[in-house]
Amino acid sequence: MTIAQPNTFRAGPDERGHFGIFGGRFVAETLMPLILSLEEAYRAAQKDPEFERELDSLSKHYAGRPSPLYLAERLTEHLGGAKVYFKRDELNHTGSHKINNTLGQILLARRMGKTRIIAETGAGQHGVATATVCARFGLPCVVYMGATDVERQKPNVFRMKLLGAEVVPVTAGAGTLKDAMNEALRDWVTNVESTYYLIGTAAGPHPYPEMVRDFQSVIGNEVREQVQAAEGRLPDALVAAVGGGSNAIGLFHPFLDDKDVRIWGVEAGGHGIEGDMHEHCASLTAGRPGVLHGNRTYLLQDDDGQILEGHSISAGLDYPGVGPEHSYLRETGRVTYVPITDDEAMEAFQLCTRLEGIIPALEPAHALAQVMKLAPEMPEDEIIVMNMCGRGDKDVFTVGKMMGWDL
Amino acid sequence: MTAPEPGARIARRFQAVKDEGRAALVTFVMAGDPDAETSLQIVKALPKAGADVIEIGMPFTDPMADGPAIQAAGLRALKAHQTMVRTLEIVERFREEDRETPIVLMGYYNPIYSYGNERFLSDAAAVGVDGLIVVDLPPEADDELCLPALDAGIAFIRLATPTTDDERLPHVLRNSAGFVYYVSVAGVTGSKALDTDRVAASVARIKAKTDLPVAVGFGVRTPEQAKTVAEAADGVVVGTALVEAVRTSLDGEGRATDGTVSAVGDLVGALAAGVRDAARQPA
C-alpha cells in the first residue's frame, strides 16, 4: 500500500506523536501524566543551548564522536560495483550507536530530577550504554533483559554488572526484547515518581520515537558532511539494519528529502519469511499494523491480534515490532525494507571480518548482506553508505556456535 | 436511530445497590481461563455468589499493566485457544439467562484493533456488553474507540490513578461513562498491598468532579479489605485473588477440576459478605 507523497518526509511527528497513522501514545493512565511531562521537558531541552552544549561536549570527549566514515576498499573491490563506505559507529564508546541516545536521555532525566533509571535491552548494547551513562552520572540503573538474551549475550551481561547495573532476567514469553520491554513498563508503572525509563530504540509512546531519532540523527548529519568532504556529493544509497530501528532512522532521517538517495532498511529474516513458522522478525515485510508498547506500528501478530515471538540470530533485531516512523516510511514508499536471513548475515559477518579486519555485530552484518546484494548491481562511480552500528565482540560466542567451534 | 444510553445496565445496577445501602462487588475473571467452557460456568456462577458487576478479561500476549497472576491467567486462556470470537460467545451465552448483570470487557487495544473496531463494537453491543476498559487507550486517544463506543451504546470506563492529578482528572472523566475505576496504587495488578487510609480521600477527590459511581481496585484480596473499601467507595473491584483461585484449583496439567468453578464462587461469596458487612452507606 502506498499513500500520497508528502512534500517532506521529515515533518513528523505531529503534536500527538503521529507519523501518518503510526505512532501515538497508547499507555496506561498511570504513565500518561509522566509521558506528557517528559515531552514538556524535552521541548524545553531542545530550546536550551546549554543542553546542546553539554551533549555535544560529552559526544566528543566521552563517546568519541564524530565517528569516521571509512571507505571499505577491499570489500568494494571484492563486490565489484559501487563504492562501499562504513559509518563507523561501532567505534563509539561502548561499541555501538546506542551511546548517542543514552547520553541525550540521561541529561534529560537529570533535568527532570529523576533519581533512578530503568532500561530494556535485547543484545545488551543499549543496556551497556545505559549502565555506562548511569555510572558516569552516579544514578542507580536496572536493566530488564530477556532470559534467552541473558544466555546468548553473556559478555554484555557481565559488562553491565561491572558498571554497577542490576540486570533482571525476564522469563515471560520467549525471554527476548519484547518481554524485557513489558517488564520495564511494569516497573515504570510501579515507580513512576522516581524513575526515568530510558528507551533504547525509536519506538514506544510519543515522544520517544522522535526523541531517540533526534539523538541518533547525529549519525546521518555527520555522514552528510563526511561524504561531501570525501566525494563532493551525497551518496546514492544508504543501508542500515532495522530492529526497533534507531540506528537506521538516525542515518536515514537527514536524507529523507534527498530524493536521489535510495534508502534500504534491513530486517531480520531469521530462517526465512516464507511459511507459517514465523521464524523471523521482519515486521515491515510480513507483519501488519497494530498497537504494542505505546505506539501503532507494523507488528508480527496472529489473526486474533496476539503478538508473535519472532526469531533472529541477532538478539538486537529479535523484536516483533518496529519504530513507527519506519512504518510510515514503508507506507509512503520512501524507504525499501528487505529481509536478510541468519545465514546471509553470517556470511557477511565472516566476509567483513576477513576482508576489512572489522568484526561487525550481527545487527549490521544484516545490513552488510544487503550491501553485498546491491553493490555488484550498481556502477563503480556510485556510492553506498552502510551504518556499521555495532562491533561484534559480543557475538563471537553465538557465531562460534553456528560455525561449530567449541569456545 | 438513537443508541441506548451507554452503560444503562451499569447505572441501573449501581443505583439498585445504592438503594440497598451498600457498595457493589465488581469481579474480574479472564475469558477462557482455564478453557472457554469452564470460564463460562465461572462467569455464570459470579452473580449467584454475590457479584454485582462482571469484568471479563480479554486475554493478550503482552499485558503491560498486569502483574504475574493476571499475566498467567491470560496465557492459560491463550494456550487453550481463546479468541475474541469465543470471548464474545461467553457474553452471549451468559446473557441467555441473565439480562441484568452488567458485563464489562477489559483488556488491551491490539486484539480489538485487529478484530476491527467497528465490527467489535457492533458485535459486543449485540451480545450484551455494557462497558469497556481498555488499559492502553488514555483520553488522548478517545477518537480511536471511546467515542465510537459511546455511539454504540457501550460505556467507556476510565481508570483514574494516583498520578491523575486534579488538573488532569476532568480530562479523564470527560467521556467516561458507567463508573470510574480508581486504581488505588501506582503499579501493576495484584502487586502491592492496599493503602486503605488513602482510599477514602481519593474517592472523595474523584466524586467531587463526577456523578458517576467510583469503584476501587488494585490490591483488594480479602473479605476484610473488601469491607474496608466498601465503606469508602461505591464499588470494590477484585481480580487477582479470583484468577489465583482459578489457578490453585487446576490439576497438574493446568486443566479445570471439579473444584474450579466452586473455588471462585466460594471466594466471591466471602467477598460479597465482606461488602455487605461494611458500615451501611447513606442511600
Side-chain angles (χ1 to χ4, degrees), chain A residues 15-18 21 23-37 39 170-174 178-179 181-195 204-206 287-297 299-309 320-321, chain B residues 58-68 71-72 74-75 77-78 81-87 107-116 120 134-141 143-145 158-165 167-169 171-172 181-183 185-189 191-192 218:
Chain A
E15 60 185 35
R16 294 170 65 203
H18 293 120
I21 67 160
R25 282 181 290 223
F26 298 92
V27 296
E29 172 59 23
T30 311
L31 294 179
M32 202 59 216
L34 193 76
I35 299 267
L36 294 172
S37 74
E39 190 184 0
V170 178
T171 52
K178 163 179 90 92
D179 312 296
M181 201 151 179
N182 288 336
E183 214 51 43
L185 283 163
R186 290 182 188 119
D187 179 314
W188 200 24
V189 164
T190 308
N191 301 293
V192 65
E193 297 293 342
S194 65
T195 298
H206 179 64
R288 61 192 167 87
V291 174
L292 179 70
H293 294 153
N295 59 169
R296 177 166 20 230
T297 193
L299 298 173
L300 298 179
Q301 53 184 320
D302 70 11
D303 291 342
D304 212 44
Q306 305 296 339
I307 309 304
L308 297 167
E309 305 286 354
Chain B
M58 299 173 280
F60 183 46
T61 40
D62 295 81
M64 286 97 68
D66 283 302
Q71 286 175 45
L75 293 180
L78 291 174
H81 308 292
Q82 186 68 13
T83 61
M84 187 64 87
V85 170
R86 289 180 180 178
T87 297
Y108 295 81
Y109 187 31
N110 199 55
I112 296 173
Y113 184 69
S114 170
Y115 191 90
F120 172 77
V134 186
V135 177
D136 51 353
L137 283 179
E140 281 74 5
D143 49 351
E144 292 274 341
L145 192 66
R158 197 70 79 188
L159 304 180
T161 73
T163 61
T164 313
D165 61 19
E167 195 185 331
R168 184 169 168 78
L169 190 55
H171 190 49
V172 169
Y181 185 159
Y182 181 68
V183 173
V185 289
V188 295
T189 48
S191 60
K192 282 187 191 170
F218 279 42

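These numbers were taken from a predicted model, which means no experiment stands behind them. Just so it is clear: chains get the letters A, B, ... in the order the sequence lines come, proteins before strands, and each one is counted from 1.
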Considering only heavy atoms from C-beta outward, does the side chain of [X] approach that of [Y] to under 4.5 Å?
X        : Y        : value
A/Glu193 : B/Thr163 : yes
A/Asn182 : B/Gln71  : no
B/Val172 : A/Glu29  : yes
B/Glu144 : A/Val291 : no
B/Phe60  : A/Ile307 : yes

Minimum-distance pair of heavy atoms, taken over all atoms of [X] and [Y]:
X        : Y        : result
B/Ser114 : A/Asp302 : OG-O, 4.4 Å
B/Thr61  : A/Gln306 : N-OE1, 2.9 Å
A/Val27  : B/Pro138 : O-CD, 3.4 Å

Nearest 0.5 angstrom please: B/Asp66 CG to A/Arg186 CZ, how far? 7.5 Å
Please check this pair: side chain of B/Asp136 against backbone of A/Phe26, looking for a donor-acceptor N/O pair closer than 3.5 Å. no
Portion of [X] that has a non-hydrogen atom of chain B nearer than 4.5 angstrom:
X        : result
A/Leu308 : neither
A/Glu309 : neither
A/Asp187 : neither
A/Arg16  : side chain

In terms of heavy-atom pairs under 4.5 Å with chain B, the winner among A/Asp304, A/Val189, A/Leu299 is A/Asp304
With B/Thr161, which of A/Val192, A/Leu31, A/Thr30 fulfils side-chain contact (heavy atoms from CB on, under 4.5 Å)? A/Thr30
Under a 4.5 Å heavy-atom cut-off, does chain A meet the side chain of B/Leu78, its backbone, both or neither? side chain
Against chain A, work out which of [options] has the most heavy-atom pairs shorter than 4.5 Å and name it.
options                              : value
B/Thr83, B/Asp165, B/Leu159          : B/Thr83
B/Leu75, B/Asp143, B/Val134, B/Val85 : B/Asp143
B/Pro63, B/Ala160, B/Ala72           : B/Pro63

